[in-house]
Structure formats: C-alpha cells, structure tokens
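One structure is given below, encoded as structure tokens.
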Amino acid sequence: MKNNHLLIATASLLLVVGCNATKHIADGEHLFEEATVNIQNDTLDKDRKELFESRLQSFVRPEPTSKLKVALWNMGGGPDTTVGFIKRFIKRQGKAPVLLSEVNYEYNENLLRNRLENLGFFQAQVTSDTLIDGKKATVQFDAFPGPGYKIREVSYEVDSTKQWGQDMASTKDATLLRRGNNYNLDVVINERERIDVAMKNKGYYYFNADNMLLDVDSTVGQHQVDMFMTVKPETAERAKQPQRIGKIVVFPDYRQTADGYTREIPPGTEAYQGEYYIYDPENKFRNKVLANHLFFHRGKTYNREDHNMTINHLVNMNTFQFVKNDFVDSPDSANTMDVYYYLTPMKPRALRTELIGKTATVYNGIEGSVNWSLKNAFKGFETLTLTTFAGFETQVGGAALNSNFIRYGAEAAISWPRLLSPYKWAPSRRYIPRTFASLRYEFLDRRAFYSLNSLTFNFGYSWKENERKVHDLTVAEIIYAQPRNVTEQYRNQAVTFPSLLHIIEPQFSFGPNYVYTFQNSMEDRTHTYFVRSALNTSGNVLGLIQGANASADNPDYLFGTRYAQFLRGEADFRHYWKITPKSTFVTRAMIGVSHSYGNSIQLPYLKQFFSGGPNGMRAFRARSVGPGLVNAADYVPDDFFADQTGDFKLELNAEYRAPISGIFNWAAFVDAGNIWLQRRDETRPGAELTNRFYEQLAVGGGLGLRVDIDFLVIRTDLAIPFRQPYVQSNSGWVFNQIDFGDREWRRRNLVFNLAIGYPF
C-alpha cells in the first residue's frame with residue numbers, strides 16, 4: 001500500500017510539473033523552455049561534436065528555468081504578492097519563468113561565435129531561430145564553425161643571456177602546446193599558468209602569468225597557426241630575480257587586532273632550531289611538532305611547492321580555524337623575503353550530535369550519537385574524540401520471527417598528525433600522515449534471542465601517497481565478542497537452522513589489517529574509477545606455533561577463548577562513465593575471499609560477508625541472499641531470518657543516473673550476486689563455493705528517485721527480484737511470476753529502500 005501511494009504521488013507531481021509551467025504567461029508572451037545548439041560540421045566525430053554542442057549550450061543566457069521550479073513558483077501564487085505563509089514557502093522553492101522576450105539573440109550569437117574561436121574555429125558563424133509551440137518557445141542556434149586551426153610551431157622568445165630566460169626556456173619540454181594539436185584558448189591559459197608555477201618553483205615569487213604574452217599568427221596558411229611565447233617588456237625587474245627565504249616567524253595563537261597583522265617579534269623570542277621564531281607565550285603548542293610542518297628553511301631559495309605544502313599541512317592539522325601567511329621584503333638583504341604565519345586556533349572543544357532514521361521493507365529504525373572532541377589534546381595537534389551511540393531497529397514485516405534489537409556503546413579515539421613508530425619513515429612530504437588508536441565497546445540486544453558484548457581495539461597508520469592513493473595500515477586489530485542471555489526460543493530455532501549457532505559463538509580475532517584506496521573521481525574525465533582493496537589476517541603466527549587444528553576438533557585457546565585463524569581479502573571496483581555532463585553510467589564489482597584454517601573452519605561471524613540491502617542487492621532484503629542455493633524461508637516457514645553470511649562474496653551492480661528536473665534525479669539499476677561457504681555444510685546443501693558459482697547468482701533490478709539538495713542526497717529505490725537461485729524451474733529466473741496486481745506477490749517481492757547518499 002505504501003508503495004502504491006508513492007507511485008501515485010510521483011505521477012501526480014510529474015503531471016503538475018507538465019501542466020503548470022505556462023499558467024501565468026501573459027498573452028503575446030512565450031515561456032523560454034529550452035535553448036539548443038546544433039553544430040553544422042561533417043568533419044567532427046560524433047563524440048566531439050556532442051561535447052562541443054553541450055558546452056556551447058551551457059553558455060546561452062539567460063538559462064531557462066526548469067519546469068519543476070516554474071511549477072512550484074506558480075503553485076506558490078506566481079506574481080501574486082499577497083499569498084499566505086505556506087504558498088510563500090512553496091514559491092521560494094521555485095523560480096519565475098524566463099520569457100522569450102528576455103533572450104538577446106545578437107548577444108548569444110556573438111558569445112557562441114567567440115567560444116568557437118577560442119576552440120580554434122577562427123571562421124565561425126552562428127545564426128538563430130525560434131520554434132513556437134503554444135505558449136512555449138525553443139531557441140535554436142546553428143553554429144557553422146568552419147575549419148579548425150592546428151598548431152604548426154611554438155617558439156619561446158626569451159633573453160637566453162639572463163638567468164630568468166634560461167630558467168624559463170628550461171621548462172618548454174613540458175609545454176602543453178604541441179605541434180599538430182588543435183588551437184584552444186583554454187590550453188593557452190593553462191600553458192601560461194604552467195610556466196608561472198614552474199618559475200615560482202625556481203624561486204621567482206614575484207613572477208606571474210600576466211607577465212607572459214602569447215602572439216598567434218594565423219596567416220601561415222593551411223589552417224595552421226604559429227605561436228610565440230614571450231615576456232612583456234614592462235615586467236618588473238624583481239619578477240625576474242629569484243628570491244631567498246629570510247626570517248620565518250610563526251604566531252600559532254594569533255588574534256587579529258584593529259591595528260591589523262603585527263610583524264613585531266617580541267624581545268627575547270629565540271629561533272627554534274636556529275630558524276623558526278615561534279611566539280607562543282602560553283606554551284599551547286609544542287615547537288618540535290609545529291616545526292615539522294614548516295617546509296621553508298632560512299637562506300634557501302623560495303619554492304612554490306614548499307609554500308603550498310606548508311599551508312596545506314597547517315590547514316589540515318585540524319587545529320587552526322584561519323591560516324594566513326605573508327611575505328615581506330627583508331630590510332637586511334636584497335632579493336630576500338621574510339615569512340610570517342598567522343594561525344588562529346579553532347575552539348578546542350566541540351560537541352556534535354547526529355540522528356539518523358532508517359527504513360526498508362521489513363525493518364525500520366533510528367540511531368543517534370553524541371561526539372565530543374578535543375583538539376590539540378596534548379599540545380602536539382592530537383585530536384581526542386569520545387563518542388556514545390544508541391539505536392534500535394524493529395521488524396515491521398513478517399510473522400515467524402521478531403528480530404527487533406537495540407544497540408548502544410561508546411568509543412574513545414585519538415589521532416596524531418605524524419607517524420608514531422620506532423622506525424623513521426616518511427611516505428610523503430606533501431600530505432600529513434596520521435597515527436590512530438581507538439577502543440570501542442558495543443552492546444547488542446536482540447531481545448527475543450540473545451545479547452552480544454563486543455570490544456574492539458585498533459592501532460595503526462593512515463597516509464596519502466598522492467591525491468589519488470590512500471593507505472591504511474592497522475598494525476593491531478583486536479576484536480572480542482561474547483554472547484550472553486541466549487533464549488530458549490533461539491536455541492529451538494537453531495535446531496532446524498544450525499547455522500544460527502555460529503552467531504552466538506564467542507569471537508576473538510587479532511592481527512593486522514591493510515586497506516588501499518585509489519580514486520580519480522575528483523578529476524574532470526569521461527571515465528573515472530574507484531578501487532578499494534583490503535587484506536585482513538588473524539592468529540596466523542600463533543596458530544602455526546601452537547599447531548592448532550580445529551578440523552580435528554582440537555582448537556587452541558588464548559586467555560580462555562578460542563581465537564580465529566584466517567586470511568581475508570576483499571576488493572571493490574567502480575567505474576563511472578560520464579555519458580553527458582548530467583548523466584552517468586556506473587558499474588561496480590565487489591569480490592570477497594577468505595581462507596580459514598588451523599584454529600578455524602570458517603570466518604568469525606563479525607568478519608563474514610553478507611549480501612542484500614539498500615547499498616547492494618536492492619531487490620533483496622538485508623542479509624537475506626544465499627549462501628549459494630540456500631533459501632532461509634525453507635527453514636523458517638512463512639518468513640526468513642535475515643542474517644545469512646558466508647566466507648566468499650561476489651556482487652555486480654550497474655546503474656544509470658540521469659536528471660529529471662531541478663533537484664530531482666532518477667536511476668535504473670540491475671544487481672547480481674551471492675555469498676558462499678568455504679566448506680560443505682550438511683545442514684545447508686548447496687551453500688559451499690563450487691566452480692559453477694556463476695549459476696547461483698541472484699539477480700534483481702528496479703528504478704530509483706534521488707533528491708539532491710547539494711549537501712545531502714535522499715535516495716529511494718523500488719526493486720524486484722529477476723532471478724532467485726534456489727528456484728528449481730527456469731534456471732531460477734522468475735520473470736514469469738511477476739504479478740503487480742497480486743498483493744501477496746507484492747508483499748514478498750516488492751522491496752522499497754529509503755537511504756541517504758548513493759549506494760556506490
């Protein structure tokens with residue numbers, strides 16, 4: 001019933017949007033509905049042509065108002081200024097329509113022609129036409145770009161007898177202006193900026209991109225250009241002189257006064273390590289730690305890379321609210337700059353609360369947390385956090401089992417902006433490495449079944465290799481979980497479903513954990529990627545020493561508890577294909593493998609893989625898929641116990657995302673996957689991994705609505721299963737069973753998920 005209401009509401013909204021757009025358009029006026037740009041050129045390949053058309057279309061002004069925003073503006077009373085509070089609120093969410101009379105054809109034609117010239121089409125022409133449909137109008141711009149000009153020669157005309165000329169000429173091998181490439185003004189601008197950065201890294205602090213002049217000669221014939229890069233004759237002499245670093249002064253507890261930023265070093269301030277004047281009269285920060293994040297050295301040549309690294313480190317130390325630096329010509333030496341850093345600390349203590357609601361077809365719940373943090377906890381820029389959390393989840397569907405639960409706990413964590421290690425190693429100067437430690441306690445009460453006390457300790461390191469690559473090495477991960485208060489009802493259920501006993505086994509694992517993450521999604525590319533791989537081990541050295549052998553019913557114990565011995569690896573591969581500037585096709589492959597041996601015959605429950613739920617197999621309820629050919633409903637009549645876990649996992653997802661209007665987007669998706677056990681389980685035939693695993697994949701798909709309000713994405717997905725591996729007929733495919741008119745079919749197969757953020 002809830003799903004029917006959702007579909008009716010969505011259809012009604014789309015109907016309002018479609019019919020309401022021209023409500024307040026006066027007679028003789030037209031709604032400016034859309035601007036299109038068509039490039040009339042047969043020599044451009046299809047992809048490049050579509051890219052140019054899309055870019056040119058984005059420059060047309062004014063931008064047409066989306067139908068949804070116009071509809072909301074109209075629903076709020078439109079031009080009427082006497083509407084009530086509710087209508088005013090609705091009106092503020094919308095926007096007045098743009099009229100055709102507001103479109104300046106000549107201005108837009110000149111603008112588009114200029115953009116084409118910037119792309120190397122020096123003979124471009126643009127015309128326009130208007131298409132009228134009732135009170136709606138579309139403006140069509142036809143662009144005739146003519147031939148594209150290519151680069152024939154690039155010359156650097158600089159004074160090679162001067163040091164600055166030699167330094168600039170030495171950068172030309174890295175030029176972005178290549179012979180045979182198309183002329184592009186954006187590339188020219190980027191080339192000037194490249195030279196600017198290269199010169200600053202050679203010490204030319206006062207040099208900038210505006211000092212350079214690029215002459216273009218398009219008269220050389222055959223639609224080619226010669227380019228001449230030179231320095232303007234009026235460039236100041238000091239811009240041609242490399243600068244050295246003089247005094248380095250740091251005010252780490254700075255408060256700006258009405259007199260502005262001070263440059264006075266108080267009498268008696270001594271230079272730390274002979275070069276850093278750190279004025280900290282209240283001794284709030286340790287000089288040694290602060291100096292480790294300053295990359296300038298007295299007497300050395302200025303370097304833009306050292307400049308940026310220092311600023312980035314100070315900003316990312318999670319201590320300073322404002323970071324400002326100033327370079328001043330030194331009165332003591334020519335071509336020398338004194339450097340001043342003004343650092344304004346954040347408030348050291350912060351309190352943050354969060355409340356999250358969760359809903360799915362069977363389970364609803366709420367979770368809240370309170371987080372208290374202390375910055376610069378021990379004067380070394382450490383961050384100490386104390387967190388308490390609590391939540392509950394209730395089963396709103398099904399009848400056979402009631403798996404309501406409550407959970408609460410606390411965590412203490414600390415992070416240091418450096419590597420605390422007996423071995424000195426620095427993975428990267430550009431980014432701040434961190435050492436972390438945490439201790440977490442959690443109590444889970446499944447009320448009708450059992451309770452679980454768990455304690456987790458982590459100590460390790462996190463560092464960035466570069467902008468794309470991040471490493472996390474947990475040197476020690478210790479997890480201890482002890483079940484309590486197991487009910488008779490749960491034990492009786494375990495008689496028919498023995499795998500439930502694995503959940504209430506004491507769990508003890510310890511060992512290192514390594515995670516590698518790669519992503520380039522921050523780059524403006526057609527194809528971007530995200531990769532996350534992890535390796536987790538437990539008890540391997542101790543198990544080998546003790547000769548543990550659980551398969552022979554001879555496990556070993558540590559501190560009175562049987563410990564886990566395993567190798568566990570997982571990988572998450574994602575590919576983002578930007579089909580248009582606003583539509584994306586995303587694919588994901590998740591693989592989880594493990595090998596339990598020695599003291600274990602399977603992974604601990606807390607380390608096992610699961611499938612199903614709003615961020616994975618969306619056509620199946622959370623933890624309800626598999627393992628293998630298992631259908632939990634066979635063990636629990638009329639319902640399922642949604643805690644199916646395994647030692648192996650494969651999941652494949654594909655999703656197409658596109659806009660509807662304004663903040664509304666839609667998606668179509670297909671998910672496939674399953675989990676499996678490492679060893680054969682007599683109580684669950686078909687649960688183990690075999691070489692025919694691909695025949696056991698569950699498949700589902702559906703449609704989704706996303707509300708993107710910049711800082712938050714609210715996601716709804718409606719999905720149904722396409723293939724259920726445990727179904728004997730038709731190789732598990734269940735298309736022939738789909739019946740939206742059957743209430744019982746909808747209850748068992750129509751899965752609605754509400755979540756925050758994208759699934760991947």
### Task
I would like to know whether Tyr149 and Tyr183 meet ring pair (Phe, Tyr, Trp, His ring centres under 6.0 Å); could you show each step before the answer?
CA-CA 6 Å; Tyr149 281 67; Tyr183 172 88; 8.7 Å; no

### Query
Roughly how far, to the nearest 0.5 Å, is OG1 of Thr36 from CG of Leu131?
7.0 Å

## Note on the structure
So CZ of Phe518 and CZ of Phe530: to nearest 0.5 Å the spacing works out to 11.0 Å

### Task
Determine the minimum heavy-atom distance between Ala124 and Arg113, stating which atoms define it.
O-CD, 3.2 Å

### Lys/Arg-Asp/Glu bridge criterion (N-O < 4.0 Å) met for Lys232, Asp210
no

### Pairwise distance OG1(Thr175) to CE(Met227) - rounded to 0.5 angstrom
8.5 Å

### Task
Under the ring pair (Phe, Tyr, Trp, His ring centres under 6.0 Å) rule, what do Trp164 and Phe207 come out as? Steps first, then yes or no, please.
CA-CA 10 Å; Trp164 67 266; Phe207 189 88; 7.7 Å; no

### Message
Would Arg715 pass as a cation-pi partner of Phe760, given that its NZ or CZ must be under 6.0 Å from the six-membered ring centre and within 45 degrees of the axis?
### Response
no

### Task
State whether the number of non-hydrogen atoms from other residues, nucleotides or ligands found under 6.0 Å of Lys172 atom NZ is greater than 12.
no

### Criterion side-chain contact (heavy atoms from CB on, under 4.5 Å) on Met229 and Glu157, from CA distance to verdict
CA-CA 6 Å; Met229 184 73 73; Glu157 298 186 344; over 6 Å; no

### Message
A quick test of your reading: do over 12 heavy atoms of other residues, nucleotides or ligands sit less than 6.0 Å from OH of Tyr105?
### Response
yes

### Task
Please test Ser583 against Thr580 for side chain to side chain donor-acceptor pair (under 3.5 Å), starting from the C-alpha separation and ending with a verdict.
CA-CA 5 Å; Ser583 63; Thr580 72; 2.6 Å; yes

### Task
Answer yes or no: are there more than 12 heavy-atom neighbours, outside Lys49 itself, under 6.0 Å from its atom NZ?
yes

### Query
So does Lys136 pair up with Glu29, basic N to acidic O under 4.0 Å?
no

### Task
Mind checking the CD-CD1 spacing from Glu50 to Ile579? Nearest 0.5 Å is all I need.
11.0 Å

### Query
Where does the angle between the aromatic ring planes of His471 and Tyr516 fall among parallel (under 30°), tilted (30 to 60°) and perpendicular (over 60°)?
tilted

### Task
Over 60° means perpendicular and under 30° means parallel, so classify the ring planes of Tyr276 and His297, tilted if in between.
tilted

### Task
Kindly give the heavy-atom pair with the smallest separation between Phe32 and Pro64, and that separation in Å.
O-CB, 3.4 Å

### Query
Counting distance only, does the side-chain N/O of Asn520 pair as donor-acceptor with the main-chain N or O of Tyr529 below 3.5 Å?
yes

### Message
In terms of relative ring orientation, are Phe296 and His307 parallel, tilted or perpendicular, with 30° and 60° separating the classes?
### Response
tilted

### Query
So how far is it from Asn114 CG to Asn118 CG, rounded to the nearest 0.5 Å?
4.5 Å

### Query
From Ile432 CD1 over to Leu419 CG, what is the distance, rounded to the nearest 0.5 angstrom?
11.0 Å

### Task
Identify the two heavy atoms, one from Thr310 and one from Phe295, that lie closest to each other, and give their separation to 0.1 Å.
OG1-N, 3.1 Å

### Message
Any salt bridge linking Arg574 with Asp572? Criterion: basic side-chain nitrogen under 4.0 Å from a carboxylate oxygen.
### Response
yes

### Message
Taking the basic N atoms (NZ, or NE/NH1/NH2) and the acidic carboxylate oxygens, is any pair closer than 4.0 Å for Asp186 and Arg55?
### Response
yes

### Query
So, Arg238 and Asp329, do they make that salt bridge, N to O below 4.0 Å?
yes

### Task
Report yes or no: does Gln243 contribute a side-chain atom to a donor-acceptor pair with the main-chain N or O of Gln241 at less than 3.5 Å?
yes

### Query
With the threshold set at 4.0 Å, does a side-chain nitrogen-carboxylate oxygen contact exist between Arg588 and Glu651?
yes

#### Entry: Heavy-atom closest contact (His575 atom, His527 atom, distance)
NE2-ND1, 2.9 Å

### Query
Checking side chain to side chain donor-acceptor pair (under 3.5 Å) for the pair Thr344/Gln321: CA distance, chi angles, key distance, verdict?
CA-CA 6 Å; Thr344 303; Gln321 183 177 12; over 6 Å; no

### Task
Would you mind checking if Glu117 and Arg115 are paired as a salt bridge, meaning a charged N to carboxylate O distance below 4.0 Å?
no

### Task
Ignoring hydrogens and angles, tell me if any N or O in the side chain of Asn211 forms a donor-acceptor pair with the backbone of Asn208 under 3.5 Å.
yes

### Query
Any idea which heavy atoms bring Ser462 and Phe436 closest together, and the distance?
N-CE2, 4.1 Å

#### Entry: Heavy-atom closest pair, residues Leu176 and Asn181
O-ND2, 4.4 Å

### Task
Please work out which of the three classes, parallel, tilted or perpendicular, describes the rings of Tyr205 and Phe327, given edges at 30° and 60°.
tilted

### Task
Flag yes if more than 12 heavy atoms outside Arg61 fall under 6.0 Å of its CZ atom; otherwise flag no.
yes

### Task
Answer yes or no: is there an ion pair linking Arg468 with Glu523, defined by an N-O contact shorter than 4.0 Å?
yes

### Arg418 NZ/CZ over Tyr461 ring centroid, <6.0 Å and within 45° of normal
no

### Task
Check whether any side-chain N or O of Gln57 sits under 3.5 Å from a backbone N or O of Ala35 as a donor-acceptor pair, and report yes or no.
yes

### Task
Determine, for Lys200 against Asp196, whether the closest basic-nitrogen to carboxylate-oxygen distance falls under 4.0 angstrom.
yes

